Asker: 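Dropping the structure in here first, questions after.
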Amino acid sequence: MDRENGDGDIEGGGGDDGFRSGGKYRPVLANDRAVLEMSSIDPGSASSSASAFTDIPPNLRKVKTSLRGSSDAKEGNASHQQQPNGSQQQESKLELFGFDSLVNILGLKSMTGEQAAQPSSPRDGEDISITAGLPKPAAPKLGTMMGVFIPCIQSILGIIYYIRFSWIVGMAGVGQTLLLVSLCGACTFLTSISLSAIATNGAMKGGGPYYLIGRALGPEVGVSIGLCFFLGNAVAGALYVLGAVETFLKAVPAAGIFREAVTQVNGTAVAQPIESPSSHDLQIYGIVLTILLCFIVFGGVKMINRVAPAFLIPVLFSVICIFLGIFAARKDHPIEGITGLNSQTFRDNWSSDYQKTNEAGIPQPDGSVTWDFNSLVGLFFPAVTGIMAGSNRSSSLKDTQRSIPVGTLAATLATTCLYFVSLVLFGSVATREKLLTDRLLTATVAWPFPSLIKIGIILSTMGAALQSLTGAPRLLAAIANDDILPILNYFKAADGGEPHVATLFTAFLCIGCVVIGNLDLITPTVTMFFLLCYTGVNLSCFLLDLLDAPSWRPRWKFHHWSMSLVGALLCIVIMFLISWSFTVVSLALASLIYKYVSIKGKAGDWGDGFKSAYFQLALRSLRSLGASQVHPKNWYPIPLIFCRPWGKLPENVPCHPKLADFANCMKKKGRGMSIFVSILDGDYHERAEDAKTACKQLSTYIDYKNCEGVAEIVVAPNMSEGFRGIIQTMGLGNLKPNIVVMRYPEIWRKENLTEIPATFVGIINDCIVANKAVVIVKGLDEWPNEYQRQYGTIDLYWIVRDGGLMLLLSQLLLTKASFENCKIQVFCIAEDDGDAEGLKADVKKFLYDLRMQAEVFVITMKWDAQMEGGGGSPQDESSDAFNSAKQRIDDYLTQMKVRAQKEGTPLMADGKTVVVNEKQVEKFLYTTLKLNSIILRYSRMAAVVLVSLPPPPVSHPGYFYMEYMDLLLENVPRILIVRGYRRDVVTLFT
């Protein structure tokens, strides 16, 4: 309950949150708790600080394209006089444009990409130069052969081909192995097509597929898939290390420390002992080899580039020896099981023969491992991975847009053809028993130097392991350098430096996998992580190709979104074929990382495809909505929040702290959009930068208050002109704001703000003309937040037809935690007792059809005989307020008449001619007084009161209307004055 004290200050009722119960009403001050809470917000905490540009190195600030002012132009002209004649002549030709020449800004070297490194993850609000994103070149530059093709070949041709492929042919048969290679080859081929398209759509930086996926699908997806790809590379390093150690122990059995395992061969006439290396030997030698490789990696890129070519010659030589040995093999070959190229052997090996084996892959009747086609897919797929080896070296390539597609596709097709030819030859040269029991069949059939094949296998697998241990740390460092996850800051590496911390972490992961010691258990894990990465690449290309944004202009033309979609689906199918449990675990891990990045990660805008998709979806949705009226069932409130029309707020507080709380109360479950607008007085050219700063502060406020909305700042000569422009142009189609929300100017008389009445009336009239609903909040300082529970009632004084807006707002209030314990009461005003019962029945039926629970009261407003006769004054407890308002109006009217007589003009107010009917003014005062008395009588304990907003009388000054409104709202602590517009927002029908 409010009252007026002797000093004219209004004393407020309940409420807390920094407002003392029963204290005097006052405007929001700088030391208020809510204001201090708002002013302490970091302007860039939600959408990247506007001051983030201060973190850019000075040499980057110099390359910004900026419009010169007059003073800058004078300084520039002075400096140009000191330049050579040619430069001066060049500058004078471009002086008309008012911008610096591109050559002067960037320099000829910068036009080719040779400038300082840009931030790898641009934030909202940064000023990005027009060359942002170009990679910093590194020496030496590599071509297609050495930079892409050879690394891909070296990564693809690894341990699986040498010691597992012949075993797969024996287990699955030639027919199913053809299907297996076709399935995996199609997956990698389609992924290479997608990779080629994305890689040729612009310059690439470090990070390989992570960089591509992150810039296409957003930082959250990029980091989640990138970390999984990092784990896949680290585990793949252990796979190659174990393969090299197993080959070494097979070649040199005496090197084994522990006793080798002996297995009886299944299916042979005479059981033959087959020896396999001890798992402890694999672990010990694997750890030692991993440590040695890490020392090479710590030596840097130069040492890696010197060592890596040494692994290439054994690979090529071993492949040649294998083919020579197969063609030279004869039926009478002394080695048992080698039949030479024989059609009968090919037919015998065509069908599958899945058997149980031990953990080492040796057939056993009671083996613990059961094999089928799905498990072989998981075992073989690492043999086709490695297509990303070239993209991982993007920063070292001369021409990424040429080398990556040509080298990657050439390596993919070459290795796929090699697999097709090899499986046919393996199926024709040896019996099934030999294929299943001789794990080093490639060395057995090789000619002329079988022992060199084992050395080649060891060196090739060591080279593949070296590539994994080299690429994985750089991938992790690239993710850390993007500064998305603070937890990864330990793995950051300076530009051009070596990621030593990331290398140590990768080495520990690799050693952990080596300790497991089982090759066949590790390969499915690697498969899942690589397939996740390939799926991300395909989905990235699919999304970018389908959206076809103006920036999507890849040089690689042989692609289509359908191919990328098939590639992504094929990757997912292969994942579930291998193991649905591993698939679920890998997807769950990626989802957890995604969720963690979404919560803990720093916001970044990389211009990803999802943003483009949202934009196009919004455009299509907007077009589908059309410009016609929305059906009441689909009507949503789109409030236009007028932030600072009046009232005093500190300059660093962009909006009243409670306006966002009230805006959230107008939405059901947070759904809907709010538009927060503020008007800056002045000239647009002079205050454009102030408007940008204010817009960033207002956006930060919206994000801080967890309100779905956008911020807009308008510069106008005055508030009235600014609002008139906003109300006409804000929004698009049916997404234009339909409700104007503002604070009631409670302090206009106390602060002697004489310009408020005309502005306030002008805004209401503009809303009526523009057919916008209006909600005016009195008692905004005491509006409850989500943690302040309200009890009592929500009282509606339904006086005029408003399309059901007042009823809908009351229902929306009930959906909020602060008002969920309240009940709705509807008060209808009747002028005659005979109409009361019928009106009450009609309103109850109407509310029942609208599915709204409310108690209905009908109140008859009885007029005094004196007022009906045109004279006298009310005789009740509020007569003092009535008399005071009438006296102020009389004084204002007297001043108007004196001024009009002095100037010889008709009565003028608010810049226009007015006609004052004193009897009508007194009647309006009496009407508002009676309504105020009814509200105070029935709604003293109400949590909030809603009352219809009377339109401003046409011929009355704005000062008079403010007196009417003050009298209507006198001593009501928290009230919403609502005016609907010419349409229904609720419907009776389903």
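Bear in mind the structure is a predicted one, so any value in this text is a computation, not a measurement.
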Asker: List the atom of L796, the atom of I794, and the distance in Å for their closest heavy-atom pair.
Answerer: CD1-O, 3.6 Å
Asker: What heavy-atom pair brings F760 and P745 nearest, and what distance separates the two atoms?
Answerer: CE1-CD, 3.7 Å
Asker: Are C655 and L698 close enough that some pair of their side-chain heavy atoms sits under 4.5 Å apart?
Answerer: yes
Asker: How close do G731 and K736 get, counting heavy atoms only, and between which atoms?
Answerer: C-CG, 3.6 Å
Asker: Output all residues satisfying side-chain hydrogen bond (donor to acceptor under 3.5 Å, both in side chains) with Y981, sequence neighbours left out; order by chain, then residue number.
Answerer: W635
Asker: Just list the side-chain donor-acceptor pairs under 3.5 Å for residues 715-729, sequence neighbours left out, or say none.
Answerer:
| residue | atom | partner | partner atom | Å |
| --- | --- | --- | --- | --- |
| N718 | OD1 | S720 | N | 3.2 |
| N718 | OD1 | E721 | N | 2.8 |
| R724 | NE | D766 | OD1 | 3.3 |
| R724 | NE | D766 | OD2 | 3.3 |
| R724 | NH2 | D766 | OD2 | 3.4 |
| Q728 | NE2 | R724 | O | 3.1 |
| T729 | OG1 | G725 | O | 2.7 |

Asker: Side-chain contact test, heavy atoms from C-beta onward, threshold under 4.5 Å: evaluate it for I824 versus Q811 and give yes or no.
Answerer: yes
Asker: Looking at side-chain heavy atoms only, is the closest gap between P957 and M896 below 4.5 Å?
Answerer: yes
Asker: Within the 4.5 Å heavy-atom criterion, are W748 and D966 side-chain neighbours or not?
Answerer: yes
Asker: Pair I975, Y744 - check side-chain contact (heavy atoms from CB on, under 4.5 Å), show working.
Answerer: CA-CA 10 Å; I975 187 170; Y744 183 74; over 6 Å; no
Asker: Does the E963 side chain pair with the main chain of I889, one donor and one acceptor, at a distance under 3.5 Å?
Answerer: no
Asker: Between CG of L925 and CG of L968, what distance do you get to the nearest 0.5 Å?
Answerer: 11.5 Å
Asker: Just verifying a value: how many Å separate M742 CE and I977 CD1, rounded to the nearest 0.5 Å?
Answerer: 9.0 Å
Asker: Taking side-chain hydrogen bond (donor to acceptor under 3.5 Å, both in side chains) as the definition, give me every residue that meets it alongside Y964, ordered by chain and number, with sequence neighbours left out.
Answerer: H956
Asker: Under the criterion salt bridge (charged side-chain N to carboxylate O under 4.0 Å, His left out), I'd like the reasoning laid out for K886 against D890: C-alpha separation, chi angles, the key distance, then a yes or no.
Answerer: CA-CA 6 Å; K886 189 174 183 299; D890 291 340; 3.6 Å; yes
Asker: Working to the nearest 0.5 Å, report the span between CZ of R888 and CG of L893.
Answerer: 15.0 Å
Asker: Testing V826, L946, V945 for side-chain contact (heavy atoms from CB on, under 4.5 Å) with Y797, which one passes?
Answerer: V945
Asker: Going by side-chain hydrogen bond (donor to acceptor under 3.5 Å, both in side chains), name the residues that satisfy it together with S810, two or more places apart in sequence or in a different chain.
Answerer: none
Asker: Assess whether side-chain contact (heavy atoms from CB on, under 4.5 Å) is satisfied between T928 and F924, documenting all intermediate values.
Answerer: CA-CA 6 Å; T928 55; F924 287 168; 5.7 Å; no
Asker: Q895: what forms a side-chain contact (heavy atoms from CB on, under 4.5 Å) with it, not counting sequence neighbours?
Answerer: none
Asker: Which pair of heavy atoms, one from L813 and one from F819, lies closest together, and at what distance?
Answerer: O-CB, 3.2 Å
Asker: Could you pull out the closest heavy-atom pair between L659 and F642, with the gap in Å?
Answerer: CD1-O, 3.8 Å
Asker: Quick one: list whatever passes side-chain hydrogen bond (donor to acceptor under 3.5 Å, both in side chains) with R899, sequence neighbours left out.
Answerer: none
Asker: Got V947 and L931 here, is their nearest side-chain heavy-atom distance under 4.5 Å?
Answerer: no
Asker: Can you check whether Y701 reaches C643 side chain to side chain, under 4.5 Å on heavy atoms?
Answerer: no
Asker: Taking the side chain from N932 and the backbone from E970, do they hold a donor-acceptor pair closer than 3.5 Å?
Answerer: yes
Asker: Does the side-chain contact (heavy atoms from CB on, under 4.5 Å) test come out yes or no for L976 and V777, once each step is laid out?
Answerer: CA-CA 5 Å; L976 305 181; V777 188; 3.8 Å; yes
Asker: Mind checking the NZ-CE spacing from K816 to M666? Nearest 0.5 Å is all I need.
Answerer: 11.0 Å
Asker: Indicate yes or no for a side-chain donor-acceptor contact from K778 to the backbone of E746 under 3.5 Å, with no hydrogens or angles considered.
Answerer: no
Asker: For H656 and L780, what are the C-alpha separation, side-chain angles and deciding distance, and is it a side-chain contact (heavy atoms from CB on, under 4.5 Å)?
Answerer: CA-CA 9 Å; H656 193 288; L780 184 62; 3.7 Å; yes
Asker: Enter the distance from R687:CZ to T693:OG1 here, rounded to the nearest 0.5 Å.
Answerer: 10.5 Å
Asker: Check for a donor-acceptor pair, side chain of K658 on one end and backbone N or O of W783 on the other, with a separation under 3.5 Å.
Answerer: yes
Asker: Using a 4.5 Å cut-off on heavy atoms from C-beta on, say whether the side chain of Y961 contacts that of P757.
Answerer: no
Asker: Taking the side chain from K705 and the backbone from N664, do they hold a donor-acceptor pair closer than 3.5 Å?
Answerer: no
Asker: Does the pair R743 and D781 meet the rule for a salt bridge (charged side-chain N to carboxylate O under 4.0 Å, His left out), with working shown?
Answerer: CA-CA 10 Å; R743 180 188 184 186; D781 296 338; 3.2 Å; yes
Asker: Which pair of heavy atoms, one from P639 and one from S674, lies closest together, and at what distance?
Answerer: CG-OG, 3.4 Å
Asker: Are I739 and L805 packed together at the side-chain level, in the sense that at least one heavy-atom pair is separated by less than 4.5 angstrom?
Answerer: yes
Asker: Working to the nearest 0.5 angstrom, can you tell me the gap between L812 CG and L807 CG?
Answerer: 11.0 Å
